[in-house]
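When a ligand or atom number is given, it counts from 1 through the structure's own listing order. The figures here come from the full heavy-atom set of this structure, side chains too, leaving out hydrogens, waters and symmetry mates. Each residue takes its place number in the sequence, starting with 1.
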Amino acid sequence: MPVTLHGVGISRGYAIGKTILLQRDQLEIPEYTISSVLIEEEVQRFLHGVAIAKQQLREIRSRIPLSVPADVAAFIDTHLLMLEDSTLASAPIKLIRTRSCNAEWALKLQRDWVVQVFNEMEDPYLRTRRDDVDHVVQRIQRILLANEGGTADAISSRLEGRILVAEELTPADTVLMQHQGVLAFVTEHGGPLSHTAILARSLGIPAVMGVHCARRYLDEDELAIVDGQLGVLMVGLDEQAIKYYRWKQQEDQHQQLELVKLKEQPTVTRDAVRITLHANIELPEDAAAVCQVGAAGVGLYRTEFLFMNRKDIPDEEEHLTSYLHVLKMLDGKPITIRTVDLGADKGLGENRVGSSNPALGLRAIRLCLKNLALFRPQLRAILRASAFGPVRMMIPMLSNIQELLQVLRLTQETKQELRLRGQRFDERMPIGAMIEVPAAAICAPFFARHLDFLSIGTNDLIQYTLAIDRTDDEVNYLYDPLHPAVLQLIAMTIQAGQKANIPVSMCGEMAGDPRYVRLLLGLGLTHFSMHPNSLLEVKRVIRESHLLELMTLVKRILHTEDPKKFNQQVQNLTRL
Ligand code: PEP
Ligand code: MG
């Protein structure tokens with residue numbers, strides 16, 4: 001009997017192969033006290049566990065092919081750094097010595113403390129980083145318990161040509177799997193913002209996440225199909241369906257080859273309207289991928305990555321060095337530096353407790369305006385970078401005009417400071433804002449009067465409009481970019497930009513999804529920014545589109561009140 005299991009498609013592509021189920025039992029952590037004479041021996045046992053974990057990760061890192069983007073290795077480096085960091089590597093030793101805990105128990109106590117700190121963080125992206133802590137801790141625990149079963153390492157020899165189904169996977173597992181020739185993976189937990197998801201996209205492995213209880217419904221060695229586009233895993237299919245997916249696979253491969261040819265082609269619609277395609281980056285090293293796909297510039301540089309895995313905050317020179325690196329790589333193309341989008345207690349040593357709803361708390365520009373010691377060095381560095389090439393500054397999470405005016409005043413003060421220091425900057429450096437809170441979309445005309453550009457952050461705009469935590473896989477199914485309220489807010493923002501005669505871009509995930517391109521063009525969007533991997537496919541859809549026709553269609557959709565007709569028309573427009 002055919003069975004289809006639904007999750008969230010986080011990395012596109014199709015796979016047909018036999019399943020392999022990873023049964024990773026919940027680890028039983030023993031808790032006992034160590035007699036005083038054996039304490040140092042227990043410390044040595046813990047240190048040995050950490051050393052083996054490091055060795056394993058280094059080995060995995062060395063298997064990453066040189067051809068994959070820098071962010072892939074960076075994920076493994078994050079775990080290696082955690083093993084160097086005293087929070088996980090030496091704090092348990094203190095617990096063993098002071099509380100006579102056994103090594104596993106000490107590590108568990110420390111893990112619980114770190115996870116609590118992460119849980120209180122405001123930014124959804126960094127909150128998901130507690131998964132990294134768990135992945136590292138579990139690796140050490142398995143070594144200490146001599147329980148290597150249930151890891152991707154343990155079944156690595158059987159992965160080739162298989163579809164891996166697991167409760168969850170670590171970034172290290174993902175690299176290993178790709179190396180072993182896994183066809184696709186499906187996990188019961190996790191969402192599109194996790195490191196594992198980002199890695200799967202970078203490595204081009206079809207993947208579906210958040211398929212709850214998948215292993216309960218599947219058998220080992222069962223012929224299955226993964227459709228990373230639809231976010232489903234199917235079993236029990238007949239010959240006809242398998243044939244259809246084999247054809248889709250071939251089509252997909254053929255399309256990938258065709259896409260590369262588009263790199264040098266202009267991004268214009270069939271009716272000759274030029275569209276701008278920018279790329280999103282997280283690390284300075286990602287600039288190479290931007291050039292590889294021929295993006296016209298960087299539309300979103302997420303600078304919070306500079307703040308990760310450290311206790312201090314980056315100073316002005318460090319910010320500047322990163323920005324100049326990207327500018328140099330882009331060789332004259334514009335870069336849009338987003339001021340840091342962190343929560344209150346990330347890497348700043350201020351463990352703010354009591355924020356019951358972190359996504360609505362002190363994050364992004366709210367935090368920067370409260371913590372000028374954090375913000376001013378970045379402002380100075382962005383301005384100074386503007387002397388060396390086309391730099392634009394972008395403010396995240398604005399929700400009211402006072403915040404905007406405050407940022408503009410601070411920027412003026414910073415310019416004066418630089419003049420006094422005799423340091424150069426571009427007097428006319430464009431300043432823009434992200435529209436990612438419904439209030440900002442509704443008030444976009446007021447914001448637009450003070451700004452040089454707007455950029456729609458759909459990841460947050462959807463979260464805040466529909467009241468859905470973007471990191472919570474229980475409510476993933478409600479996360480709907482095509483909700484009429486979301487489309488109205490996007491339309492309002494684009495119109496506000498047009499009236500004020502300033503460009504409006506979109507840099508949320510929606511802009512990089514080929515299914516939504518025609519709809520967005522019809523809404524009047526002319527600037528898109530996305531992960532470099534999506535750029536050529538988006539370009540293809542744009543080159544096949546007729547803007548005027550789409551605008552007429554979308555106008556009709558926005559005026560359709562009947563939900564059935566609305567859905568029908570939207571579906572027609574978003575079908576690839
Ligand atoms: C967004 O919210 O759409 C966005 C691009 O910002 P981030 O995903 O970094 O929150
Ligand atoms: Mg955002």
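Paired with Q378 under the rule side-chain hydrogen bond (donor to acceptor under 3.5 Å, both in side chains), one option of T303, D315, T414 passes, and it is T303.
Between H278 and H527, the ring-plane angle classifies as perpendicular under the 30° and 60° cut-offs.
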- Message: Pair D460, Q463 - check side chain to side chain donor-acceptor pair (under 3.5 Å), show working.
- Response: CA-CA 5 Å; D460 279 315; Q463 143 163 284; 3.0 Å; yes
- Task: Determine, step by step, whether E304 and R338 satisfy the salt bridge (charged side-chain N to carboxylate O under 4.0 Å, His left out) criterion, reporting the C-alpha distance in whole Å, the side-chain angles of both residues, the deciding distance to 0.1 Å, and the verdict.
- Result: CA-CA 9 Å; E304 45 279 10; R338 178 173 76 180; 2.5 Å; yes
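In this structure, M434 counts as a contact residue of ligand 1, since one of its heavy atoms falls inside 4.0 Å of the ligand. The shell of residues lying under 4.0 angstrom from ligand 1, judged by heavy atoms, includes R338.
The shortest non-hydrogen separation linking M506 to A511 is O-CB, 3.4 Å.
Two residues are said to be in side-chain contact when any heavy atoms from C-beta on lie closer than 4.5 Å; I490 and I494 meet this criterion.
Counting atoms of ligand 1 from 1 in the listed order, those under 4.0 Å from a heavy atom of R302 are 4 (C), 5 (C), 6 (O), 7 (P), 8 (O), 9 (O). Residue contact check: L300 has heavy atoms under 4.0 Å from atoms 5 (C) of ligand 1.
Checked against the Mg ion (ligand 2), the N, O or S atom of D460 at the shortest distance is OD2. Sorting the N, O or S atoms of E436 by how far they are from the Mg ion (ligand 2) puts OE1 first.
For ligand 1, the polar-atom distance check against N459 finds a nitrogen or oxygen pair separated by under 3.5 Å.
Among the backbone and side-chain atoms of D341, no N/O/S atom is found under 2.8 Å from the Mg ion (ligand 2).
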